[in-house]
Protein chains: 2
Amino acid sequence: MTSDCQKLSSVLQLWDKSLVLERLRQMRNTQTMAELQLQSPGRQPTIRDVAELAGVATSTVSRALSNPGRVNRVTRERIEEAAAQLNYIPSSQARGLSSGRTQTVAVLVPDITNPFYFDIIRGAQHQLKAAGYTQLLVDTEESAEMEADALQKMRRSADGFILAASRLTDAQLAEAAAQQPLVTINRAPAIAPTVVIDTPSAIIQALEHLVSLGHTRICFVGGPATSWSNAKRWQAFQDETAERKLTTFSVGPFPPKTTSGAAAADAAVHTGATACIVFNDLLAIGMLQRLRERGIRVPEDMSIVGCDDIFGADFCNPPLTTMASPIEQAGRVAVSMLLSRLNPQYGGTSRRLAVMPTHLTVRASTGAAPS
Amino acid sequence: MTSDCQKLSSVLQLWDKSLVLERLRQMRNTQTMAELQLQSPGRQPTIRDVAELAGVATSTVSRALSNPGRVNRVTRERIEEAAAQLNYIPSSQARGLSSGRTQTVAVLVPDITNPFYFDIIRGAQHQLKAAGYTQLLVDTEESAEMEADALQKMRRSADGFILAASRLTDAQLAEAAAQQPLVTINRAPAIAPTVVIDTPSAIIQALEHLVSLGHTRICFVGGPATSWSNAKRWQAFQDETAERKLTTFSVGPFPPKTTSGAAAADAAVHTGATACIVFNDLLAIGMLQRLRERGIRVPEDMSIVGCDDIFGADFCNPPLTTMASPIEQAGRVAVSMLLSRLNPQYGGTSRRLAVMPTHLTVRASTGAAPS
DNA sequence: CAATTTTTGGCAATCGCTTGTCATTGCTGT
DNA sequence: ACAGCAATGACAAGCGATTGCCAAAAATTG
């Protein structure tokens, strides 16, 4: 290593100078690097260690690592080698402090244990990782307050936000959107850039499917009142059923969990409907369980259509007819939209709206209407 | 607001001073705060803005907010009010830079879409949040390499790590544990502090259950070869079946996904066993689907016992007999163990090992052995 | 009321990195 | 061989907090 350095120094004629500097540093600290490392083995190498080892200034190291084009290839390679040798990782804190960016995006979901969000999380994670960002996952527990709180508290620690199925009011959302870059998933596009999963059009497919099976009395089982998707689905349901002159009912709102399925099932049965379109699969699966308990056969006595095609929809009993959508892709697209806003220089079409297609996946929970 | 300030100033007689300071600042910047905010609306208030508004030094603000005991109550309240008024949130970056801690813990899981980890993630999230920490979620995609990589890359950005079902070798793990504080879940306790879910004892319960139903030919369906839990379960299975003089088989390893269930089911059927103990529920549910396709009835022709009692185990068809454990609690305990290491001053028993109890939950996938 | 102890709060250095400014180097063309 | 230019790298000033040290103020005591 010494011979390497000397070789370098003869080329660069900086050896004396850096020797002197090093000497000074040592005197200031009254301890050598080795001693330092010895006394605190956990000490992380800094950009200065790299600069010293490579025989250049710290600014050169910085530029070599974060703006490779601006530095001589040979020098850059030398620096990279030094960095590798020291196992150097830049401190994201320090980097963020001076650059003003954290290279971090917060993803807020209402319920981390709801399988619907897994794929969003995973999709977002993939895309973020590819862009060198870190994902901060926050479970807002279906609470608008926690969501607003997280948005405030993390203002400084995230460059942007992905709000999946936000529970905020339009006003709150608009305020948040004004303060920091954010992209919503399944939320009115007017307020902020958004990725919408086109379940309304799937509702139409579902109704067509049910009608073709002879159903005329159909019940909408509603999800959370603060959910924009729920409102949209309900709207589509109303519009479409009115056009077809069907007899409709609605029950709810219910929390989107399997445990709410029992109440939802009982309420739906009580309406006298022969088919249900359910806010989401979680609720639908819960209903399936309750109906089975009560001896109501699915689909012979009652048809059920869920929404989202989550993990479990294919192996529940009976397997659930549901409206499937490319959820992971929605997560990816949301991140792309956010990143193109965060780094406009990389261009990318800054769309304000992306619509994900959906389709009906027919399984065994729907059948001919009871005669 | 002006009147508020004047009231304060008359009490504290600092008004003139802060006026002067403010004036100086303005001259330096040749722009007022208002102008500044106008030209960059996203600008975040800093500790200096708070100090100025409260008429104290930045160090006082810092102490007032992070070490309330060391500052006069009146002053502190004034500072707090100023902070609230400006909607001030300290920059975690800057804070981290000087304090050397990020108040962040990274949680590494092999597969974010595996429901087993949901509860771990949620448990960890809860506990971390309560302690004022932020969770960084990383999906290592069942890859030891990605895991090691994340461990390296995030060395600087996380104060500690939770490794759920680590795929690292013992040597890699030991090296990582030497470099940074970490707690493992379901991993040999010798290397690092760990939370173990006591599935081996559940295996015994499961075998008892199967034997009492008349099964004598039992197959172990194995999970990933690099999984420590798989090894432990296999070990327990061998020990216990040897003692009971049962005829045993084993198939695998299989990736722990429902999609591997088909291969696993076929292999298990081929052995001629009448009951299977399966590495985890994901695999077991996949097997259930395949057996149904092949017309092999569960439990009449073949009994299946899963492991973990994940989301879905209760509503698959037939509902799965499985070994249940308090997974969310495991996540919480892991975080507690990590935090007590990170902040020894708050004491807390620094255990190196926590064992989570498990029990067999009997559902419809097990029944009497075919005669 | 003076002397002493205890609080309280200001100054300035520091954390590790980025980035604007400017001097130096090496290369081109003539 | 030299002026002119581009490319490169050194220097130093921040970024926004924390914290040790010390002075000033307040509270306590004799």
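A note on names: the letters A, B, ... follow the listed sequences, proteins ahead of strands, and every chain is numbered from 1.
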Output the rounded distance in Å from [atom1] ([X]) to [atom2] ([N]).
{"X": "B:Q44", "N": "D:dA17", "atom1": "CD", "atom2": "P", "value": "10 Å"}
{"X": "A:L65", "N": "C:dT18", "atom1": "CG", "atom2": "P", "value": "8 Å"}
{"X": "A:L97", "N": "D:dC15", "atom1": "CG", "atom2": "P", "value": "9 Å"}
{"X": "A:I89", "N": "C:dG16", "atom1": "CD1", "atom2": "C1'", "value": "14 Å"}
{"X": "B:R48", "N": "D:dC15", "atom1": "CZ", "atom2": "P", "value": "6 Å"}
{"X": "A:Y88", "N": "C:dC17", "atom1": "OH", "atom2": "C1'", "value": "7 Å"}
{"X": "A:D49", "N": "C:dG16", "atom1": "CG", "atom2": "P", "value": "9 Å"}
{"X": "B:Q93", "N": "D:dT18", "atom1": "CD", "atom2": "P", "value": "13 Å"}

For [X], what residues pass the salt bridge (charged side-chain N to carboxylate O under 4.0 Å, His left out) criterion, not counting sequence neighbours?
{"X": "A:R167", "result": "A:E142"}
{"X": "A:R76", "result": "A:E80"}
{"X": "A:K129", "result": "none"}
{"X": "A:R332", "result": "A:E328"}

**Study point:** Side chain proximity check, B:F161 to B:L151, heavy atoms < 4.5 angstrom
**Key:** yes
Point to revise | Any residue meeting side-chain contact (heavy atoms from CB on, under 4.5 Å) with B:S336, in chain and number order, not counting sequence neighbours | key: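 B:S336 satisfies side-chain contact (heavy atoms from CB on, under 4.5 Å) with B:Q127 once adjacent residues are dropped.
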For nucleotides 5-7 of chain D, which of its nitrogen or oxygen atoms have a protein nitrogen or oxygen under 3.5 Å away, and what is each distance?
none

Enumerate all atom pairs, one protein N or O and one N or O from nucleotides 19-26 of chain D, separated by less than 3.5 Å.
{"unit_1": "D:dG20", "atom_1": "O6", "unit_2": "B:R63", "atom_2": "NH1", "d": "3.4"}
{"unit_1": "D:dG20", "atom_1": "O6", "unit_2": "B:R63", "atom_2": "NH2", "d": "3.4"}

Practice item. Map A:P90 and B:R73 onto DNA chain C by nearest heavy atom, then report which one ends up closer to the 5' terminus. Key: B:R73
Exercise for review: Could you pull out all residues at least two apart from A:E77 that satisfy side-chain hydrogen bond (donor to acceptor under 3.5 Å, both in side chains)?
Suggested key: A:R73
Check your understanding: Can you name the residues that form a side-chain hydrogen bond (donor to acceptor under 3.5 Å, both in side chains) with B:T102, not counting sequence neighbours?
Key -> B:D159
Check your understanding: Quick one: does A:N343's side chain have a donor or acceptor within less than 3.5 Å of a partner on A:S340's backbone?
Key ->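 Not a single qualifying donor-acceptor pair exists.
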